[in-house]
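Here's the structure, in structure tokens; my notes come after.
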Amino acid sequence: MQFRVPQNITMEDRIAGPFTAIQFALLVLGGMASFLIFTSGLPSPLNKIIGGLMGMLTLLLSVGKFNDQPMYRFFRFIIAFVASPKVRIWKKGGAEHVLIKAAPHKSNEPVHGHARKVSKSDLAGLAAVLDTRGQQGMVPVNPEEKK
């Protein structure tokens, strides 16, 4: 190969051993929270249970995977799903559009009638423009029009 093509560009960088920056931050913050709960003034069995659950949740969020996605990302999707509304209700609203004044017609021709007759030469000129896709500068002149 002449050029090196980068591989796995969507993979996050590992900064501390096998952990990415987000995983490392989750481990540090969860470890600190678990330590604070262990050393808090709660009764002895209660602080061990809550601290242990906090430590397991931290490990699950930082190291666990579900459908090849990190668990912290999956957990974020679960929270977004629970927080978003499940039923969409359409309510008609907004401003009503009102025509204030109609523009007067300046010509004496009927509005919906055929005001102009189209000749064969007009159609031939239009066909020539369409056939050349507008690339020619001049529309070919119909020989019948020169007479």
Side-chain angles (χ1 to χ4, degrees), residues 1-140:
M1 282 184 10
Q2 186 177 5
F3 300 105
R4 293 185 66 203
V5 178
Q7 303 292 321
N8 297 328
I9 58 174
T10 58
M11 185 181 292
E12 295 180 31
D13 294 331
R14 309 283 178 186
I15 61 161
F19 302 116
T20 63
I22 295 174
Q23 288 174 328
F24 186 70
L26 281 172
L27 282 172
V28 168
L29 292 175
M32 286 178 15
S34 182
F35 177 75
L36 288 175
I37 290 173
F38 271 125
T39 59
S40 68
L42 293 174
S44 181
L46 189 62
N47 70 351
K48 290 180 183 177
I49 292 172
I50 295 174
L53 289 175
M54 177 66 81
M56 286 191 289
L57 179 67
T58 300
L59 282 174
L60 177 71
L61 284 178
S62 62
V63 181
K65 286 192 173 195
F66 184 76
N67 286 342
D68 290 332
Q69 293 288 322
M71 192 58 101
Y72 59 85
R73 189 175 297 154
F74 186 72
F75 191 67
R76 186 183 72 201
F77 293 149
I78 289 174
I79 291 173
F81 176 76
V82 169
S84 66
K86 305 298 181 288
V87 178
R88 296 176 188 246
I89 299 173
W90 180 73
K91 294 181 181 177
K92 184 177 180 181
E96 293 287 331
H97 299 288
V98 179
L99 181 63
I100 297 173
K101 181 179 177 184
H105 296 288
K106 295 186 179 185
S107 65
N108 293 334
E109 299 173 358
V111 177
H112 297 289
H114 297 287
R116 182 176 165 216
K117 296 286 184 181
V118 179
S119 66
K120 287 185 179 183
S121 63
D122 291 336
L123 289 177
L126 181 60
V129 170
L130 290 175
D131 288 341
T132 59
R133 296 183 184 197
Q135 297 299 321
Q136 288 184 341
M138 298 282 295
V139 176

Spatial distance of atom [atom1] ([X]) from atom [atom2] ([Y]) [nearest 0.5 Å]:
{"X": "L57", "Y": "M54", "atom1": "CG", "atom2": "CE", "result": "7.0 Å"}
{"X": "M71", "Y": "I78", "atom1": "CE", "atom2": "CD1", "result": "7.0 Å"}
{"X": "I79", "Y": "S84", "atom1": "CD1", "atom2": "OG", "result": "12.0 Å"}
{"X": "N47", "Y": "L36", "atom1": "CG", "atom2": "CG", "result": "11.5 Å"}
{"X": "L42", "Y": "I49", "atom1": "CG", "atom2": "CD1", "result": "11.0 Å"}

Residues S34 and G55: closest non-hydrogen pair is OG-N, 4.0 Å

Nearest heavy atoms of L61 and L26, plus distance in Å: O-CD1, 4.1 Å

Does any N or O in the side chain of Q69 come within less than 3.5 Å of the main-chain N or O of F74, such that one atom is a donor and the other an acceptor? no

Under 3.5 Å, is there a donor-acceptor pair between the side chain of S40 and the main chain of I37? yes

Going through the distances and angles, do S119 and D122 end up as a side chain to side chain contact (heavy atoms under 4.5 Å, CB included)? CA-CA 5 Å; S119 66; D122 291 336; 3.4 Å; yes

Under 3.5 Å, side-chain donor or acceptor atoms of residues 11-19 against the rest of the protein: list the pairs with distances, not counting sequence neighbours.
{"residue": "E12", "atom": "OE2", "partner": "Y72", "partner atom": "OH", "Å": "3.2"}
{"residue": "E12", "atom": "OE2", "partner": "R73", "partner atom": "NH2", "Å": "3.2"}
{"residue": "R14", "atom": "NH1", "partner": "P18", "partner atom": "O", "Å": "3.0"}

Ring-face cation contact, F81 with K86, 6.0 Å cut, 45° max: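 Checked: cation-pi criterion met.
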
Where do L59 and L27 land on the side chain to side chain contact (heavy atoms under 4.5 Å, CB included) test, with the steps shown first? CA-CA 7 Å; L59 282 174; L27 282 172; 4.0 Å; yes

More than 12 non-hydrogen atoms from neighbouring residues, nucleotides or ligands closer than 6.0 Å to CZ on F38, yes or no? yes

